[in-house]
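Below is one structure, written out as structure tokens, with a few remarks after it.
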Amino acid sequence: MQKSPYWLDAPEDHDYPAAESYLSLLMAEQDAQALVAKLQAAPMTAFKAKDILRASCLPHLGEENRHVAKNLQKMQTGKRLSPVLLARGQKLVIADGYHRCCAVYLLDEDAEIPCKIV
């Protein structure tokens, strides 16, 4: 996987509790904890922004969303974003990083987004 000026090499520590919080809305808390443990151990990979959003069935948010705008600003000022955390199921679950995916999609829908997926 090629290094990108927009991305950190690994998810930030605080991304995992955020993913667990979100996943615990979709499944039992112990299942969410187990899934996050698998995400922590998973290797880094990458997928195109457009494919992540399509597979998740989530709408693309524009720059009028304050979180998307904040991530766009980070990218424009040279601050690197944390890779996203994904879980496979009936549809792809973006456990952490939805707004980052949307921000990158605005710049280049074919951009590779580094992630961990289980």
Side-chain angles (χ1 to χ4, degrees):
M1 188 170 66
Q2 185 178 3
K3 271 194 177 248
S4 167
Y6 297 123
W7 298 99
L8 296 171
D9 293 334
E12 296 180 274
D13 289 340
H14 64 84
D15 293 335
Y16 295 103
E20 185 177 323
S21 176
Y22 176 73
L23 291 169
S24 69
L25 294 170
L26 304 175
M27 61 189 68
E29 191 169 331
Q30 65 270 19
D31 295 335
Q33 290 171 350
L35 193 55
V36 168
K38 289 179 183 178
L39 280 167
Q40 288 173 314
M44 291 298 300
T45 189
F47 294 97
K48 291 185 181 207
K50 65 182 178 185
D51 293 338
I52 292 173
L53 288 174
R54 283 178 38 211
S56 71
C57 300
L58 291 170
H60 171 260
L61 301 176
E63 60 187 291
E64 67 279 354
N65 178 282
R66 69 183 177 96
H67 299 290
V68 172
K70 180 179 168 184
N71 285 308
L72 283 169
Q73 183 179 24
K74 280 183 177 181
M75 293 168 70
Q76 291 166 350
T77 60
K79 292 183 183 163
R80 298 169 82 196
L81 303 178
S82 185
V84 300
L85 302 174
L86 307 173
R88 290 184 175 106
Q90 290 281 343
K91 61 180 179 178
L92 182 70
V93 174
I94 302 175
D96 187 69
Y98 176 45
H99 297 99
R100 296 188 296 274
C101 287
C102 291
V104 170
Y105 182 92
L106 278 173
L107 295 178
D108 178 6
E109 67 182 43
D110 289 317
E112 293 279 327
I113 296 180
C115 59
K116 287 189 171 194
I117 187 169
V118 294

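This structure is a prediction, so every number in the text was calculated from the model and none was measured. For the single chain, residues carry numbers from 1 onward in sequence order.
- Contact of the Q33 side chain with the L23 side chain is not registered, since no non-hydrogen atoms from C-beta on lie closer than 4.5 Å.
- Cluster annotation: V68 is connected to I113 through the hydrophobic network of ILVMFWY side chains, with a link wherever side-chain heavy atoms come within less than 4.5 Å.
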Begin with the C-alpha distance, continue with both residues' side-chain angles, and end with the deciding distance and a verdict on side-chain contact (heavy atoms from CB on, under 4.5 Å) for R80 and D9. CA-CA 9 Å; R80 298 169 82 196; D9 293 334; 3.7 Å; yes
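- For the atom pair NZ of K48 and CG of L53, the computed distance is 14.0 Å after rounding to the nearest 0.5 Å.
- Looking at residues two or more places apart in sequence or on another chain, you find a side-chain contact (heavy atoms from CB on, under 4.5 Å) between A28 and Q30, D31.
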Please list every donor-acceptor pair under 3.5 Å in which a side-chain atom of residues 83-105 meets a protein atom from a residue at least two apart or in another chain.
unit_1, atom_1, unit_2, atom_2, d
D96, OD2, R100, NH2, 2.8
Y98, OH, P59, O, 2.3
R100, NE, S82, O, 2.7
R100, NH2, P83, O, 3.4
Y105, OH, E109, OE1, 3.4

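- For S21 (side chain) and P17 (main-chain N/O), no donor-acceptor pair under 3.5 Å exists by modelled atom type.
- Under the 4.5 Å side-chain heavy-atom criterion for ILVMFWY residues, a single connected hydrophobic cluster contains both L26 and L39.
- Neither Y22 nor I52 shares a network with the other; the hydrophobic side chains, linked directly or stepwise wherever heavy atoms of I, L, V, M, F, W or Y lie under 4.5 Å apart, form separate groups for each.
- Among residues at least two apart or in separate chains, salt bridge (Lys or Arg N to Asp or Glu O under 4.0 Å) pairs with a member in residues 54-76 are D51-R54.
- Residues meeting the side-chain hydrogen bond (donor to acceptor under 3.5 Å, both in side chains) test with Y16, sequence neighbours left out: K116.
- Closest approach of K50 to D110, counting heavy atoms only: NZ-OD1, 2.7 Å.
- Of the inter-residue distances, the one linking E112 atom CD with Y6 atom OH reads 14.5 Å to the nearest 0.5 angstrom.
- Here D15 pairs with nothing under the salt bridge (Lys or Arg N to Asp or Glu O under 4.0 Å) rule; sequence neighbours left out.
- Note that the NZ atom of K79 and the CG atom of L8 stand 12.0 Å from one another [nearest 0.5 Å].
- Judged as a salt bridge (Lys or Arg N to Asp or Glu O under 4.0 Å), not a single pair has a partner in residues 19-29 (not counting sequence neighbours).
- Shortest non-hydrogen contact noted between S24 and A32 is N-CB, 3.7 Å.
- A continuous path of hydrophobic side-chain contacts links L81 to L58 [ILVMFWY only; heavy atoms under 4.5 Å].
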